[in-house]
Amino acid sequence: MNFLLETLQMLVLSIYYNLEVFVRLFIPARKKSVAGEIVLITGAGSGIGRLMALEFASLGASLVLWDIGVEGNAETARLATEKGAPTVHTYLCDCSNKADVYRVADQVKREVGDVSILINNAGIVTGKKFIDAPDSLIEKTMEVNTMAHFWTYKAFLPAMMANNHGHLVSIASSAGMIGVNGLADYCASKFAAIGFAESVALEMLALGKDGIKTTIVCPFFINTGMFEGCGSKWPRLIPTLEPDYVAKKIINAIRTDQVYLILPRSLYLVLGMKNLLPVKLGVLLGVYLGAFNFMDAFKGRVKKTQ
């Protein structure tokens, strides 16, 4: 094509895609079935991981549950079985350890089959100022929150590509889209997780693997205990989220192939303003929302979703 034809095509498609978004405001997208899919969830032993597992169980998906804790994972498996999951398989896996991830992934492929929905949910937060955070905890944060995604993709993406079918889900954070005082290592790990997920999604499109979908979840603080004591200055504007609500929204986003899920919706405005406002006005907005003090009441011990 020449320049004029490609420009015309871009303009026409831009109008179409904008109309599509407008129509979706009134007509919800059709939800795909996940019955029979093999869903792997890291950090499944508690919190959002457990709640997502129970939602998938009720929809007829087979579950592969990874966690660093045996008892919590076993309890999730019991509850998922009661919810109607066709099969539930539990595995002890330290997502900060590449060798462990690959070893357990190979075991899953032998014993269960090809994973078709991969949910990287396991995470860790130190809650310390950068200058006070021990090197070992910074490294652990990057290993769990970022590098584990590389290794799970390496393990399970090839089968999805061969079948041109699958869904990659990154439970990231709004802290992966805007810096937060007191969360330097956590923000860095989540920024990286989002960039990684976006890049691989584009790679799949470039390779013609349009059957592989991506969902990137960026919530504010969730009331799971991971960020106990933290919250915004104006909770009516940016509330701490309830776990059940978040889990349901994530499952809905997966079933409708929603690429980005940002919670609460007020964050769309905040993030948009961050990119449009002059830097000083952005800082002023952060002060107004209490972003400089989000972590002041953090309980001070390492918290995990694994």
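Keep in mind the model is a prediction, meaning the values are calculated, not measured.
With hydrophobic clusters built from ILVMFWY side chains whose heavy atoms lie under 4.5 angstrom apart, I178 shares a cluster with L284. Grouping the Ile, Leu, Val, Met, Phe, Trp and Tyr side chains by contacts below 4.5 angstrom, directly or via other members, places I262 with I238. V200 is not connected to L205 by any chain of hydrophobic side-chain contacts under 4.5 Å among Ile, Leu, Val, Met, Phe, Trp and Tyr, and they are in different clusters. L13 and L11 sit in two unconnected hydrophobic clusters of ILVMFWY residues. Membership requires side-chain heavy atoms under 4.5 Å apart, directly or through other members. When the side chains of ILVMFWY residues are joined at heavy-atom separations under 4.5 Å, either directly or via intervening members, L183 and F130 end up in two distinct hydrophobic clusters.
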*asked:* Run T87 and L63 through side-chain contact (heavy atoms from CB on, under 4.5 Å) and show every step you take.
replied: CA-CA 6 Å; T87 60; L63 297 173; over 6 Å; no

*Show your working on side chain to side chain donor-acceptor pair (under 3.5 Å) between T90 and N73 and close with a plain yes or no.*
CA-CA 7 Å; T90 61; N73 216 23; 4.8 Å; no

*side chain to side chain donor-acceptor pair (under 3.5 Å) between N252 and K31: does it pass, once the steps are laid out?*
CA-CA 8 Å; N252 183 72; K31 295 180 181 180; 3.2 Å; yes

_If you apply the rule side chain to side chain donor-acceptor pair (under 3.5 Å), what do you find for H167 with T214, and how did you get there?_
CA-CA 6 Å; H167 205 125; T214 297; over 6 Å; no

*Audit row: K129, D132, salt bridge (Lys or Arg N to Asp or Glu O under 4.0 Å) steps and yes/no*: CA-CA 5 Å; K129 300 286 188 184; D132 298 324; over 6 Å; no

*For salt bridge (Lys or Arg N to Asp or Glu O under 4.0 Å), just list the numbers for K32 and D257, CA-CA rounded to whole Å, side-chain angles, deciding distance to a tenth of an Å, and then say yes or no.*
CA-CA 8 Å; K32 67 185 181 185; D257 294 331; 2.8 Å; yes

*In sequence, state the C-alpha distance, the side-chain angles, and the governing distance for V104 and D94, and then conclude on side-chain contact (heavy atoms from CB on, under 4.5 Å).*
CA-CA 9 Å; V104 180; D94 179 358; over 6 Å; no

_Pair D114-I38, side-chain contact (heavy atoms from CB on, under 4.5 Å): steps then yes or no_ = CA-CA 7 Å; D114 293 329; I38 298 178; 5.8 Å; no

*Would E37 and S116 count as a side chain to side chain donor-acceptor pair (under 3.5 Å) if you check the C-alpha gap in whole Å, the side-chain angles of each, and the deciding distance to 0.1 Å?*
CA-CA 6 Å; E37 302 284 359; S116 53; 2.5 Å; yes

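Across every non-hydrogen atom of G123 and M226, the tightest pair is C-CE, 4.0 Å. Minimum heavy-atom separation, I117 to V34: CD1-CG1, 4.0 Å. Residue S46 comes nearest to D67 through the heavy atom pair N-OD2, 4.5 Å, listed as atom of the first residue, atom of the second, then distance. A122 and T42 get closest at one heavy-atom pair: N-OG1, 2.9 Å. Shown here for T141 and I124, the closest heavy-atom pair between the two residues is CA-CG2, 3.5 Å. Scanning both residues, I68 and L92, for their nearest heavy atoms gives O-CD1, 3.2 Å.
Here R103 pairs with D100 in a salt bridge; the nearest charged N to carboxylate O distance falls below 4.0 Å.
With respect to S96, the side chain to side chain contact (heavy atoms under 4.5 Å, CB included) criterion is satisfied by exactly one of E139, M142, E143: E143.
Among residues two or more places apart in sequence or in another chain, the side chain to side chain donor-acceptor pair (under 3.5 Å) test is passed with D244 by none. Contacts of Y288 classified as ring-ring contact (aromatic ring centres under 6.0 Å, His included), with partners at least two apart in sequence or in another chain: W234. Partners of Y16 by ring-ring contact (aromatic ring centres under 6.0 Å, His included), not counting sequence neighbours: none found.
Put simply, the side chain of R255 reaches to within 4.5 Å of the side chain of L59, judged on heavy atoms. In this structure, the side chains of N223 and P243 come closer than 4.5 Å at one or more pairs of heavy atoms. Between V101 and W66 there is a side-chain heavy-atom pair separated by less than 4.5 Å. You'll find the side chain of L118 stays beyond 4.5 Å of the side chain of V169, heavy atoms only. Residues M161 and M204 meet the side-chain proximity criterion, which asks for heavy atoms closer than 4.5 Å. In this structure, L263 and V246 have side chains that are in contact, with non-hydrogen atoms separated by less than 4.5 Å. Between V64 and I41 there is no side-chain heavy-atom pair separated by less than 4.5 Å. The shortest side-chain heavy-atom distance between M147 and S189 does not fall under the 4.5 Å cut-off.
Note that CG of L168 and CD1 of I216 are 10.0 Å apart. Values are rounded to the nearest 0.5 Å. Summarising the geometry, atom CD1 belonging to I48 is positioned 7.5 Å from atom CG belonging to N121; distances are rounded to the nearest 0.5 Å. Here the straight-line distance linking atom CG of L261 with atom SG of C218 works out to 8.0 Å at 0.5 Å rounding. Here the straight-line distance linking atom CG of L237 with atom CG of L269 works out to 8.0 Å at 0.5 Å rounding. From I212, atom CD1 reaches atom CG of N164 across 6.0 Å, with rounding to the nearest 0.5 Å. With rounding to the nearest 0.5 angstrom, the CE atom of M177 is 8.0 Å from the CG atom of N275.
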Table please: side-chain donor-acceptor pairs of residues 50-58 below 3.5 Å, with sequence neighbours left out.
residue, atom, partner, partner atom, Å
R50, NE, T76, OG1, 2.8
R50, NH2, G45, O, 2.9
R50, NH2, G72, O, 3.0
E55, OE2, K248, NZ, 3.1
S58, OG, E55, O, 2.7

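Every pair passing side-chain hydrogen bond (donor to acceptor under 3.5 Å, both in side chains) that includes a residue from residues 196-205 is listed here, sequence neighbours excluded: E198-Y260. Within the structure, every pair that satisfies the ring-ring contact (aromatic ring centres under 6.0 Å, His included) test and touches residues 186-221, not counting sequence neighbours, is listed here: F150-F196, Y153-F196, Y186-F227, F220-F294, F221-F227, F221-F294.
At distances below 3.5 Å, not a single donor-acceptor pair connects side-chain atoms of D185 with backbone N or O atoms of I138. Under the 3.5 Å distance criterion, the side-chain polar atoms of K140 are left unmatched by any main-chain donor or acceptor of V125. Within the 3.5 Å criterion, the main-chain N or O of A155 finds a donor-acceptor partner in the side chain of K109. Using a distance-only test at 3.5 Å, with no hydrogens or angles considered, a donor-acceptor pair links the side chain of S174 to the main chain of P219. N163 places no side-chain N or O within donor-acceptor distance of the main-chain N or O of H165, the cut-off being under 3.5 Å.
Heavy-atom neighbours of K233 NZ from other residues, nucleotides or ligands within 6.0 Å: above the threshold of 12. Counted within 6.0 Å of CD on E20, heavy atoms from surrounding residues, nucleotides or ligands total more than 12; the atom is thus considered enclosed. A 6.0 Å sphere centred on NZ of K274 holds more than 12 heavy atoms belonging to other residues, nucleotides or ligands.
Between the side chains of Y91 and E111, at least one donor-acceptor pair of N or O atoms lies under 3.5 Å.
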